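Inspection log for the structure reproduced underneath, given as structure tokens.
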2 protein chains.
Amino acid sequence: METPDTLPDEEFLRLDRQICFSLHAAARAFNGVYREALKELGLTYPQYLVMLVLWEHGELPVKGIGERLRLDSGTLSPLLKRLEAAGYVERRRSAEDERSVTARVTDAGAELRTAALGVPRRIAAATGLDVADIADLRERLGALAARLDGIDPGELRPACG
Amino acid sequence: METPDTLPDEEFLRLDRQICFSLHAAARAFNGVYREALKELGLTYPQYLVMLVLWEHGELPVKGIGERLRLDSGTLSPLLKRLEAAGYVERRRSAEDERSVTARVTDAGAELRTAALGVPRRIAAATGLDVADIADLRERLGALAARLDGIDPGELRPACG
DNA sequence: CACGATTCAGTTGTGCACAACTCAATCGCG
DNA sequence: CGCGATTGAGTTGTGCACAACTGAATCGTG
């Protein structure tokens, strides 16, 4: 048993409820605040995330968006279709590789960026958190996510230690 | 202008992409790890959260579960129906208030708890994070969620400062 | 060149989150 | 008591997340 037995299983279960709930609830609360702020733009929170990376890069293949946002085509395909229907994004098959589809920001999408500029500032003001705090939290969450994504599924099986 | 203009809007947008993504990705990565660990129990992550609060309280009205997990009936009703179909939970109308429905852990649900005891320990071992770290992160996320939930929607409207 | 393996986007099916709604039970005030 | 307002669970519809799959394009190796 390499796991230090400083806590009984019962205690682990209680702590687990707390951390699971906190992360889950914080993510949904964040989502809710953005949902409200993004209403005027007609974007959902995940659509906003996609637009953020597209605004940074101008155009990206679906795969590239997926790598940056940790999302697969099953999520991105319909989402991009909706962004295209809204007129913010254009999709076209790549000429070099017919398997690949490139998403590009349209003029309307670029205009949307201007309107979106005020969103994070308003949210930062409403939360009252300062930039350093946010940046620190971001780093810890990023490290946590990286570690979680790096876990071998076998480690979670009952038999393994 | 109470917001200090230490950063241009452009910078805010870039930082926003980072924090939004981090929280979003961390929550999904967490979800994924639990999805794997909970496979053997036949539970999804949100179902596990519901079982955790039910294991603590034995039985709760739907409203009580919703308050503890920040979920509404639209999410809980079908979820509890699935837990009932799996045999882990029983639902019955309250005698005192016919509007209310109480969810109660069945014998099979109680057995499931025993099987679930190992889950958080395995995950803690796999992540390699120590309890103090987790507890600290939990507190910060809890505080963030509380602040976000306390925001007046009006604060997020374009016109307001 | 040929052909099996891989890669990429998209589809299908399941479940969660949430808004908007229905409907019955309960509450509260006149 | 009577009746409008509120409360509680449930339903419906939309969108996201993800597993499992399809099908076409490309790659690699013989």
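Within every chain, numbering begins at 1; the chains are lettered A, B, ... in the order of the sequence lines, protein sequences first and strands thereafter. Nothing here was measured: the structure is a model prediction, and the numbers come from that model.
The side chain of A/Arg28 contributes an N or O atom lying less than 4.0 Å from OP1 or OP2 of C/dC18. In terms of phosphate contacts, B/Arg70 brings no side-chain nitrogen or oxygen within less than 4.0 Å of OP1 or OP2 of C/dA17. The side chain of A/Ser77 places an N or O atom within less than 4.0 Å of a non-bridging phosphate oxygen (OP1 or OP2) of C/dG10. Within the structure, a side-chain polar atom (N or O) of A/Lys81 is placed less than 4.0 Å from OP1 or OP2 of C/dT11. For C/dC8, neither phosphate oxygen OP1 nor OP2 lies less than 4.0 angstrom from any side-chain nitrogen or oxygen of A/Arg93.
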Give me, pair by pair, the N or O atoms of the protein and of nucleotides 13-15 of chain D that are less than 3.5 Å apart, along with how far apart they are.
none

Tabulated below should be each protein N or O lying under 3.5 Å from an N or O of nucleotides 21-29 of chain D; please produce it.
residue, atom, partner, partner atom, Å
D/dT26, OP1, A/Glu98, N, 3.1

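Between B/Leu49 and A/Lys39, the residue anchored closer to the 5' end of DNA chain C is B/Leu49, taking for each the nucleotide with the nearest heavy atom.
Distance B/Arg92 CZ to D/dG10 P: 14 Å, rounded to the nearest Å. What separates CD of A/Glu36 from P of C/dC18 is a distance of 13 Å, to the nearest Å. Atom CG of B/Leu80 and atom C1' of D/dT11 are 15 Å apart (whole Å). Atom CG of B/Asn31 and atom P of D/dC18 are 7 Å apart (whole Å). Residue B/Asp72 contributes atom CG, which lies 12 Å from atom P of D/dG10 at whole-angstrom precision. Atom-to-atom, CZ of B/Phe30 to P of D/dA17 comes out at 18 Å; the value is rounded to the nearest Å.
Here A/Leu71 lies in heavy-atom contact (under 4.0 Å) with sugar-phosphate atoms only. B/Ser100 comes within contact range of the sugar-phosphate backbone alone, with a heavy-atom separation under 4.0 Å but no base atom that close.
Side chain of A/Arg91, nearest nucleotide from C/dG10, D/dA9, C/dC18: C/dG10. The side chain of B/Arg35 has D/dA19 as its nearest neighbour among C/dA9, D/dA19, C/dC18. You'll find that the side chain of B/Val101 is closest to D/dA9, out of C/dA19, D/dC18, D/dA9.
Minimum interatomic distance between A/Arg70 and B/Ala29 (heavy atoms only, all atoms of both residues): NH2-CA, 3.5 Å. In terms of heavy-atom proximity, B/Ala26 sits nearest to A/Leu148 at O-CD1, 4.2 Å. Smallest separation of non-hydrogen atoms from B/Cys20 and A/Phe30: SG-CE2, 3.9 Å.
Ring pair B/His24/A/Tyr45 is perpendicular by interplanar angle, where above 60° counts as perpendicular and below 30° as parallel.
B/Thr102 contributes no side-chain N or O that, together with a main-chain N or O of B/Pro61, makes up a donor-acceptor pair within less than 3.5 Å.
The line from CZ of A/Arg113 to CG of A/Leu54 is 11.5 Å long, rounded to the nearest 0.5 Å.
Between A/Arg104 and A/Glu90, at least one side-chain N (NZ, or NE/NH1/NH2) sits under 4.0 Å from a carboxylate O, which counts as a salt bridge.
Contact annotation: the side chain of A/Ile151 never approaches that of B/Glu36 to less than 4.5 Å [non-hydrogen atoms, C-beta and beyond]. Residues A/Met51 and A/Leu41 have side chains not in contact (no heavy-atom distance under 4.5 Å, counting atoms from C-beta outward).
Within a 6.0 Å radius of CG in B/Asp152, more than 12 heavy atoms belonging to other residues, nucleotides or ligands are found.
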